[in-house]
Colleague: 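Can you read through this structure? Questions will come right after.
Along the sequence shown, residues carry numbers from 1.
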Amino acid sequence: MLTGVTRPAQHSAPALRRLLDLLAQGAAAEEFDRPAADARRAGASSAELAEIAEAAAVALRIRRTLGQHRVREAQLTALFDTASDLAALRDLDAVLRAIVHRAKLLLGTDVTYLSLNDDAAGDTYMRVTDGSVAEAFQRVRLGMGEGLGGLVAQTARPYATGDYQADTRFHHTTTIDSAVLDEGLRAILGVPLRLGARVIGVLYAADRSPREFTATEVALLSSLADHAAIAIDGARLLEETRAALVDLNAASETIRTHSEAMRRAEEAHDQLTDLVLRGGGADDVAAALADILDGGILIHDADGAELARARAEPLPQPIWAVSASRARGRAVPVDGTWVCAVLAGPELLGSIALTGRAGLADADRLLFERAGVVTALLMLLRRSVAETEDRVRGELLARTGDPGTLAARARRLGVDLNRRHSVFVAHSEVAPRHRLLAASARSAQALDGLAGLHHDQVVLVAPSGTPGPAAQALAAELGQAVGFPVTVGAAGPATGPAELSDAHREAGRCLSALRALGRTGNGGAVDDLGFIGVLLGDQADLGGYVRRMLGPVLDYDSRRGTDLVTTLDAYFAEGASLTRTKSLLHVHVNTVVQRLERIGRLLGADWNTPARTLEIQLALRLHRLTQGP
């Protein structure tokens with residue numbers, strides 16, 4: 001009997017200790033079958049084997065309970081860690097990525113993702129994914145009530161499915177089903193992200209193979225979603241606070257920048273105004289403004305003529321941009337250049353252009369527009385001076401007023417009437433008179449002279465001792481400036497108001513002769529018109545005309561003691577007949593030929609052309625008259 005009593009203990013006791021060791025080691029479930037198998041091989045009785053089997057079942061239940069406790073402990077630890085991590089995050093995107101990644105770790109699923117509700121659109125859209133590989137799935141939007149996620153967002157309740165494609169509980173749509181199919185998802189769990197009674201989104205966990213989600217997993221993901229919703233709301237509030245601070249700082253910076261811009265504009269305005277009032281011209285204003293704005297400046301008058309330019313290439317005035325600026329009262333951009341109309345009330349005086357500053361800030365734009373006001377002041381002062389100059393010019397040319405007073409006024413305008421001046425009268429058949437006058441004024445300024453209107457004629461007075469060549473150059477210059485042919489008649493040089501008035505009349509007659517002769521677009525003086533000039537001149541220089549026509553022949557006769565002038569006179573008197581000429585001179589015909597060849601070398605190859613022969617015959621006639629019988 002003692003032997004029968006002690007035998008079970010011989011086999012069951014070691015097995016029970018082995019089961020306890022397996023529990024302590026956390027061994028796998030299949031390891032708990034081995035103590036019974038070892039006892040059976042050792043010859044344990046049925047009673048011992050039953051005792052061992054019962055102990056193994058209890059050990060497995062204990063193992064499961066311990067496992068559940070460990071899982072629950074791990075989940076609680078993970079939730080606490082998640083709450084701690086989320087509390088430390090301040091960036092909303094970082095918060096969302098952390099939520100999705102932690103959900104993937106906790107549930108061990110293939111994919112986790114999060115959608116947020118769009119109240120304006122009335123749907124929910126995918127915001128963050130972890131483990132997703134399909135681009136279409138990452139961009140999908142779900143209408144309220146559509147699919148599993150849309151139903152969760154609409155009802156604020158968790159939903160799970162072991163196989164989404166085959167689950168008829170959900171409102172399937174082509175867009176959602178295609179996205180889920182592209183991602184290869186089968187089992188999906190979705191829980192709401194709630195703030196009180198309001199749902200702000202959905203948190204999902206999904207596998208690419210069918211499975212059932214336990215109540216514990218649903219509760220775990222819901223707990224994480226609750227933490228996530230609070231973290232999302234906190235991150236949103238922080239983001240809104242940051243945005244408000246940024247807006248406040250931006251507003252403060254805007255106020256400071258505006259105040260600085262106003263101060264800078266006022267200082268620049270005062271600087272430019274002082275420059276104008278101290279006598280600065282358009283060039284000075286352009287240079288100062290170019291330095292202030294660090295760009296190129298061009299100033300044009302109302303007709304588009306350039307008045308000044310600094311740090312810029314020549315640029316035609318953009319008429320439509322000037323019109324737009326005039327209408328808006330602001331500077332306007334055109335092809336990288338800013339244009340501002342210069343106004344005096346409603347009157348357009350001109351424009352200023354700023355180059356090299358395509359991206360003009362508001363502060364500099366205000367400064368540029370202020371410069372338009374200063375430029376208007378400059379142009380009004382120039383107009384006042386020009387009107388005064390016009391009166392003096394008219395008095396000089398009309399010889400009205402006391403000569404001494406006229407000379408003093410002319411000196412104040414920078415004109416010394418004691419110097420030798422030439423008078424030029426300009427005319428264009430096409431160009432508007434005011435444009436021609438403006439161009440003449442610029443040319444006169446470059447020549448230290450004056451220009452203005454007298455009896456509806458554009459007149460220019462400038463220091464010059466050679467009116468003919470000067471008139472030719474002036475005609476070309478003015479023609480280029482106005483874009484049309486300009487004819488210029490000249491006279492002089494003259495000294496004093498009286499002589500200038502006489503020269504003006506002669507220059508006018510010269511202009512009429514040039515136009516009558518078809519020499520439009522050219523310039524010249526009376527001396528350049530040949531015998532016509534002799535007829536037009538008030539005090540014709542007959543000797544000078546004879547010298548211009550016959551000088552080389554007269555000099556040759558004087559040096560050599562020959563009489564080529566007589567031969568030339570006889571040749572024309574006999575109608576250019578060699579035979580009659582040799583009979584009149586009583587010489588051989590070869591002698592006449594030789595003398596005429598010599599004359600041709602002295603006067604030029606064209607001496608015998610019709611135009612030259614007329615000039616030469618008139619000179620011969622005047623030579624005989626001035627030499628006497």
Side-chain angles (χ1 to χ4, degrees), residues 465-473 475-476 487-493 506 509-629:
T466 55
Q472 295 175 13
T487 309
V488 179
E506 183 173 314
R509 291 195 297 272
C510 180
L511 173 64
S512 298
L514 289 170
R515 296 173 63 193
L517 292 172
R519 293 176 61 179
T520 300
N522 294 320
V526 167
D527 292 344
D528 301 316
L529 299 180
F531 73 92
I532 295 178
V534 174
L535 298 176
L536 295 175
D538 282 343
Q539 298 176 351
D541 183 9
L542 301 181
Y545 178 75
V546 172
R547 290 294 306 172
R548 287 195 300 275
M549 295 295 105
L550 301 176
V553 176
L554 295 173
D555 292 341
Y556 187 89
D557 283 348
S558 177
R559 291 194 306 270
R560 303 294 181 89
T562 56
D563 197 10
L564 294 180
V565 171
T566 301
T567 300
L568 188 58
D569 198 12
Y571 175 72
F572 286 123
E574 296 300 328
S577 171
L578 296 176
T579 302
R580 291 198 296 274
T581 301
K582 67 97 176 176
S583 299
L584 180 62
L585 296 176
H586 305 292
V587 295
H588 193 275
V589 68
N590 290 340
T591 302
V592 175
V593 171
Q594 291 171 359
R595 291 179 180 178
L596 293 178
E597 289 176 351
R598 172 67 62 183
I599 290 170
R601 286 195 293 272
L602 293 171
L603 297 183
D606 64 338
W607 74 275
N608 208 14
T609 60
R612 286 291 305 278
T613 56
L614 180 60
E615 299 270 357
I616 293 172
Q617 289 182 67
L618 178 58
L620 289 170
R621 182 69 59 87
L622 293 174
H623 179 63
R624 286 199 304 272
L625 293 174
T626 56
Q627 294 300 312

Colleague: Drop me the distance from Lys582's NZ to Thr591's OG1, to the nearest 0.5 angstrom.
Modeller: 10.5 Å
Colleague: Could you pull out the closest heavy-atom pair between Leu603 and Met549, with the gap in Å?
Modeller: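 Taking every non-hydrogen atom into account, CD2-O, 3.5 Å.
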Colleague: Once rounded to the nearest 0.5 Å, what's the spacing between atom CD of Glu597 and atom CD of Gln594?
Modeller: 7.0 Å
Colleague: Kindly indicate whether the side chain of Leu585, heavy atoms from C-beta on, has any atom under 4.5 Å from the side chain of Arg595.
Modeller: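 A side-chain contact under 4.5 Å exists here.
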Colleague: Looking only at heavy atoms, which two atoms of Val488 and Leu511 are closest? And how far apart?
Modeller: N-CD1, 4.2 Å
Colleague: Tell me whether the rings of Tyr571 and Trp607 are parallel (<30°), tilted (30 to 60°) or perpendicular (>60°).
Modeller: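 Rings of Tyr571 and Trp607: tilted, 30 to 60°.
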Colleague: Can you find a heavy atom in the side chain of Asp569 that is under 4.5 Å from one in the side chain of Thr566?
Modeller: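 Heavy-atom side-chain distance check fails, nothing below 4.5 Å.
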Colleague: Shortest non-hydrogen contact from Glu574 to Arg580?
Modeller: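 That would be O-NH2, 2.7 Å.
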Colleague: Got a second to check how far Thr579's OG1 is from Leu584's CG, nearest 0.5 Å?
Modeller: 12.5 Å
Colleague: Would you mind reporting whether Leu550 and Leu568 have side-chain heavy atoms less than 4.5 Å apart?
Modeller: yes
Colleague: Counting N and O atoms only, with roles assigned by atom type, does the side chain of Thr581 sit under 3.5 Å from a partner on the main chain of Ser577, one being a donor and the other an acceptor?
Modeller: yes
Colleague: Out of the candidates Asp563, Asp557, Thr562, Leu564, only one should pair with Arg560 under the side chain to side chain contact (heavy atoms under 4.5 Å, CB included) rule; please name it.
Modeller: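 Exactly one pass, corresponding to Thr562.
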Colleague: Considering all heavy atoms of both residues, which atom of Gly521 and which atom of Ala475 are nearest to each other, and what is their separation?
Modeller: O-CB, 4.0 Å
Colleague: Could you tell me which non-hydrogen atom of Gly523 sits nearest to which non-hydrogen atom of Gln472, and how far apart they are?
Modeller: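 Scanning both residues, the minimum pair turns out to be O-CG, 3.0 Å.
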